[in-house]
Amino acid sequence: MPIQLTSQAYCKMLLHTAKYPHCAVNGLLVAEKTKEKKKDGHSGPVLCVDCVPLFHGTLALAPMLEVALTLIDTWCKENNYIIVGYYQANEQTKDSRPNQVAQKVAARISENFSEAAIVMVDSSRLTMSCFEPIVFIHDHHENKWKVRDVTTDAFEDWSEAQKITSALLVGRSYENLIDFDNHLDDLRNDWTNPTINKSVLDLC
Amino acid sequence: MASLSEMYDVGWEEMRDKLRKWREDNCRNSEQIVDVGEELISEHASKLGDDIWIIYEQVMIAALDCSRDDLALTCLQELRKQFPDSHRVKRLTGMRLEALERYDEANKHYDAILQEDPTNTAARKRKISILRAQGKSTEAIRELNEYLEQFVGDQEAWHELSELYINEHDYGKAAFCLEELMMTNPHNHLYCEQYAEVKYTQGGMENLELARKYFAQALRLNNRNMRALFGLYMSASHIAASPKVSAKVKKDNIKYAAWAAAQINRAYKVRGSRSTRTMHSSYSAALSATESRVFHMTLQSPTHQLKKKKNGFICCILTFIRYLRTSSHSVNLFICIKLERNSLPESASLAFICKVVIPTLVAFTPSGHIYSFCIKLRL
């Protein structure tokens, strides 16, 4: 089932990428948990309502990633979310293929959610005006990750997402974005980013 | 647009001191440096005295990071005028070419510096950075190794090499680089902690034990290092959960994991903000979820030794019903243990529970209290 991104998820992903332009960044995508059973294997697209920025810099180390996955999993259960995807922006702006780390994390996510997707951010096309979507969505087919054409269908409301992301990038809101790395540096930093979520809501 | 000094009511001295602090801490907050530095140089250049040259350098590098070529060129020209033959300024020229992605020109530039001065480390490191920027990791690693053969004490270079190896998933060599760093900086808790993370990622029982030890060492050097605390918890839990370790090792690691869990809980209570404190209870639940798995394995393995007959086996089911979210001082545990189809006499089972299970539970709970305990023996 294809995933769809809300403005909040897309916006926070891009803010995270913009905050650390010289590093690789990654994070998780969460969706609301629905109790509907799929009848014939086809239900509506999964809507990613939020994302949790994880790390910047060295992404290939296991322990903090495991800690993050456990804690975020618990947070999801409390808020009736489920982890449905993983996003990553590589250090090399020209390279937007999912690497080993991305595939490993996505495999872990797939254990709990069969249709996990990898979203790669194409940081070479990151601009203030966000005139086009700059993500590549990869789905798992026959043991390989295949990229899917991203149109405005991949968004709940593309024009809203564009407007909000552009406004927050210009306003340099990324300086206040907290990722899990920031949280580990100082526990008072809240990786759910309530202030940014509020700014997004205010702009809706 | 209002100037920074008007907006934030700071004087030029504070701006200059801020820049100095960022220089000393080697922060890469380029946008802030550009904002503060640009205003400082344009409005207060005369007051800065000789500090202005190092500020020009700092602002220029930050401007390159922010794609502000105009500002970078201004700074560079001032520096060139003042220090016409300086290699340090030539390196900045090279960096500007790198920022414009004119890598061949930049390389020629650095080669010229190295011809005049073969010991110029800055130019050599820039050439390696060009390789990294172009994505040529293998060449960058090779060049960096050659560089380090000559300049063994360059810590920045060792750290860069460890990063390159980690990105290539060559954890063994990354560990080697971090070992070099730990040898020359035994009091640096960050190197200890990163080394432990690399060992943990490598995997395998020996590496996990080493990881746990170095997480503990990092914690000793800085008891506020949360990564070390989490790392200690994870490595101890994994060791305890492994079927291959002896009972004593398991018991010790459960103790370490329990201690780490308690410290983590305390850290969140003390230092967590109001919003993270509401997540605190979910963290304890998360920790308890993993704790119960650890505990489960412990009970299983010693009982294998008690297994006598083919049909008889002791099945221990440990259920942590729920951590009741009451006050910070009490943790209620309701534990239910079922021993089923036990071929041992009742007295032996009870002895096992009293001598092994209960003490382990007591050592394990953060506040040392067990409020409810229910044992069902079905024999």
Side-chain angles (χ1 to χ4, degrees), chain A residues 18-24 55-79 90-95 97 99-101 103-104 124 126-128 169 172 174-175 178 180-195 197, chain B residues 28-32 65-67 132-135 137 162-163 165-169 171 174 193-194 196-203 211 215 224-235 238 264 267-268 270-287 289-290:
Chain A
K19 187 178 182 189
Y20 298 106
H22 56 283
C23 296
F55 303 108
H56 55 269
T58 321
L59 307 180
L61 290 175
M64 297 305 123
L65 187 55
E66 288 183 21
V67 171
L69 285 172
T70 315
L71 294 182
I72 292 171
D73 210 29
T74 317
W75 173 77
C76 282
K77 289 201 175 72
E78 300 226 307
N79 293 290
N90 286 329
E91 187 180 292
Q92 295 285 330
T93 49
K94 302 191 180 87
D95 176 18
R97 287 163 306 153
N99 59 5
Q100 222 182 74
V101 177
Q103 292 180 9
K104 281 212 178 107
S124 61
L126 181 58
T127 59
M128 291 291 215
L169 280 174
R172 291 216 214 160
Y174 46 79
E175 288 170 5
I178 303 290
F180 205 77
D181 252 337
N182 301 134
H183 176 72
L184 290 173
D185 290 333
D186 183 343
L187 290 184
R188 289 167 295 192
N189 290 330
D190 188 352
W191 46 261
T192 56
N193 288 292
T195 35
N197 291 345
Chain B
R28 195 170 173 168
N29 50 337
S30 302
E31 280 185 325
Q32 282 180 304
D65 223 5
C66 298
S67 284
R132 186 167 176 181
Q134 292 173 310
S137 313
S162 76
E163 255 181 53
Y165 277 132
I166 292 173
N167 287 336
E168 296 295 307
H169 305 287
Y171 298 109
E193 187 261 308
Q194 243 197 326
E197 283 195 51
V198 170
K199 282 291 164 192
Y200 182 107
T201 313
Q202 264 185 299
F215 278 128
R224 305 183 75 147
N225 187 330
M226 279 312 289
R227 289 188 177 82
L229 198 46
F230 272 117
L232 178 58
Y233 174 78
M234 297 295 289
S235 36
H238 274 290
I264 294 174
Y268 273 104
V270 167
R271 276 178 267 147
S273 64
R274 188 166 51 87
S275 49
T276 55
R277 218 171 279 159
T278 54
M279 289 190 269
H280 161 62
S281 45
S282 65
Y283 292 161
S284 348
L287 292 174
T290 50

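Throughout, a chain's letter reflects where its sequence line sits, starting with A, and its residues are numbered from 1.
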Sort B/Gln134 into side chain, backbone, both or neither according to what part of it lies under 4.5 angstrom from a heavy atom of chain A.
-> backbone
Going from CG on A/Leu61 to NZ on B/Lys199, what distance comes out if it is rounded to the nearest 0.5 angstrom?
-> 12.5 Å
State whether the number of non-hydrogen atoms from other residues, nucleotides or ligands found under 6.0 Å of A/Arg172 atom CZ is greater than 12.
-> yes
Taking B/Thr201 for the side chain and A/Ala62 for the main chain, is one N or O donor matched with an acceptor at less than 3.5 Å?
-> yes
After noting the C-alpha distance and the side-chain angles of B/Phe230 and A/Leu71, does the key distance pass the side chain to side chain contact (heavy atoms under 4.5 Å, CB included) rule?
-> CA-CA 11 Å; B/Phe230 272 117; A/Leu71 294 182; 4.0 Å; yes
By salt bridge (Lys or Arg N to Asp or Glu O under 4.0 Å), B/Glu163 pairs with (sequence neighbours left out) B/Arg132
The reported gap from CG in A/Leu184 to CG in B/Asn225 (rounded to nearest 0.5 angstrom) is 9.0 Å
Interface check, chain A: of B/His169, B/Gln32, B/Met234, most non-hydrogen pairs under 4.5 Å belong to B/His169
For A/Asp181, is it the side chain, the backbone, both or neither that has a heavy atom under 4.5 Å from a heavy atom of chain B?
-> both
Measure distances from A/Lys94 to the heavy atoms of chain B and classify the residue's part below 4.5 Å as side chain, backbone, both or neither.
-> side chain
Answer yes or no: is there a donor N or O on one side and an acceptor on the other, between the side chain of B/Arg28 and the main chain of A/Tyr20, under 3.5 Å?
-> no
Could you look at B/Ala211 and say if it's the side chain, the backbone, both or neither that has a heavy atom under 4.5 Å from chain A?
-> neither
Verdict with reasoning, B/Met226 to A/Asp186, per side chain to side chain contact (heavy atoms under 4.5 Å, CB included) | CA-CA 8 Å; B/Met226 279 312 289; A/Asp186 183 343; over 6 Å; no
Name all residues meeting the ring-ring contact (aromatic ring centres under 6.0 Å, His included) criterion together with B/Tyr200; count only those two or more places apart in sequence or in a different chain, and write none if there are none.
-> B/His238
When only pairs under 4.5 Å are counted, which of A/Asp95, A/Asp73, A/Asp185 shares the most heavy-atom pairs with chain B?
-> A/Asp185
Where is the tightest heavy-atom contact between A/Ala60 and B/Tyr171, given as atom of each residue plus distance?
-> O-OH, 2.8 Å
Point-to-point distance, once rounded to the nearest 0.5 Å, from CE of A/Met64 to CZ of B/Arg227 = 7.0 Å
